[in-house]
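All remarks here apply to the structure that follows.
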Protein chains: 2
Amino acid sequence: MRASGLRPTRQRVALASLLFGHGDRHISAEELHEEAAAAGVRVSLATVYNALHQFTEVGMLRILPIEGAKTYFDTNTSDHHHFFLEDENRLVDIPEGPVTVANLPEPPEGMEVAHVDIVVRLRPRRPR
Amino acid sequence: MRASGLRPTRQRVALASLLFGHGDRHISAEELHEEAAAAGVRVSLATVYNALHQFTEVGMLRILPIEGAKTYFDTNTSDHHHFFLEDENRLVDIPEGPVTVANLPEPPEGMEVAHVDIVVRLRPRRPR
DNA sequence: ATTTGTGCAAATCGTTTGCATCTGA
DNA sequence: TCAGATGCAAACGATTTGCACAAAT
């Protein structure tokens, strides 16, 4: 964390251990705020927002590519993709594996690929 | 439109022709509302929201998979993907082409793939 | 005639901001 | 010491909602 140029304040350290102490997860600011409260950590919601965005800037988190009001953050920043369950509005990791994208066109001049997000949208199977 | 079970009201018809009369586009509720006003069509913003969601439900529109406050709708519902320019927060179509995804895992039991969204996030090339 | 849609304004919800106060280096 | 963080409450912007009125079948 110090390596990222972020001061290891009490709040940031506490939030980071909540975030990264329980495996990979998808979480919103509100949820993290509640979790902190439940864990007895006193942090304001504004600070949670700040921390989440700062962590994202330094590459510790990634913003999930889903539409909708809330922003969800992913603690897993490695290459992996998601199923989106349309009926429950929920994202599920696609297990790391051999998923590959082929034949991507060249990015425009002066740009480079930061990363590729794939969302496989699922719905209940339609009766025939 | 009648085929979709939506009554062809004056407003819906007007909005549909704005949406689909100018080729493929990415548009927000606010933008469509302004465009309607500019075209002399009187519609309330609430009606624009209603129409956009109804059109989406019947498959005439698709919601774009980007994070952030506003919801953007895509008039192109065919299989195609997007570049996301991180610095300008803008989506650009990847020309229809040979982009393919390989080795997708099977969807869970009882689910089927509605469609696959691929977003290639681009950033300005880092100087070395 | 009945059902469905529309407009308006107020309400909601997630997120951001301004600013005074604290805190880590 | 003091730049950078935090907390609080107010401000904001996008979207939704409630309800009276209008329009489509």
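Naming convention: chains lettered A, B, ... in sequence-line order (proteins, then strands); numbering from 1 in each chain. Just so it is clear, the structure is predicted and the values come from calculations on it, not from any experiment.
No donor-acceptor contact under 3.5 angstrom links the side chains of B:Arg42 and B:Gln11, judged on distance only. Side-chain atoms of B:His80 and B:Asp74 include a donor-acceptor pair closer than 3.5 Å.
Remark: P of D:dG13 and NE2 of B:His33 are 17 Å apart, rounded to the nearest angstrom. Atom CZ of B:Phe73 and atom C1' of D:dA14 are 11 Å apart (whole Å). The CZ-P distance, from A:Arg2 to C:dG24, rounds to 11 Å in whole Å.
The aromatic ring centroids of B:His53 and B:Phe73 lie less than 6.0 Å from each other.
For the pair B:Arg62 and B:Glu57, the salt-bridge criterion is not met [side-chain N within less than 4.0 Å of a carboxylate O]. In this structure, B:Arg25 pairs ionically with B:Glu35, as a charged nitrogen and a carboxylate oxygen lie closer than 4.0 Å.
Ring-plane geometry between B:His82 and B:His26 is classed as perpendicular, the angle between the planes exceeding 60 degrees on a 0 to 90 degree scale with a lower cut at 30.
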Please write out the pairs of protein N or O atoms and N or O atoms of nucleotides 2-6 of chain D separated by less than 3.5 Å, giving the distance to one decimal.
unit_1, atom_1, unit_2, atom_2, d
D:dA3, N3, A:Arg7, NH2, 3.3
D:dG4, O4', A:Arg7, NH2, 3.0
D:dA5, OP1, A:Arg12, NH2, 3.1
D:dA5, O5', A:Arg12, NH2, 3.0
D:dT6, OP1, A:Thr9, OG1, 2.6
D:dT6, O3', A:Gln11, NE2, 2.9

Interface polar pairs with nucleotides 13-16 of chain C, N/O, under 3.5 angstrom:
unit_1, atom_1, unit_2, atom_2, d
C:dT15, OP1, A:Thr71, N, 2.7
C:dT15, OP1, A:Thr71, OG1, 2.9
C:dT15, OP2, A:Tyr49, OH, 2.5
C:dT15, O5', A:Tyr49, OH, 3.1

Decide salt bridge (Lys or Arg N to Asp or Glu O under 4.0 Å) for B:Glu30 and B:Lys70; before the verdict, give the C-alpha distance in whole Å, the side-chain angles of both, and the deciding distance to 0.1 Å. CA-CA 9 Å; B:Glu30 192 80 40; B:Lys70 288 187 179 173; over 6 Å; no
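Here the side chain of B:Arg123 pairs no donor or acceptor atom with the backbone of B:Glu86 at under 3.5 angstrom.
Annotation for B:Ala51 and B:Leu15: closest pair CB-CD1, 3.7 Å, computed over non-hydrogen atoms.
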Would you write the dot-bracket representation of DNA chain C, where each base gets (, ), [, ], | or . depending on whether it forms a Watson-Crick or G-U pair under 3.5 Å and with which partner? |||||||||||||||||||||||||
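One distance of note links OH of A:Tyr49 with OG of A:Ser44; it measures 11.5 Å at 0.5 Å rounding.
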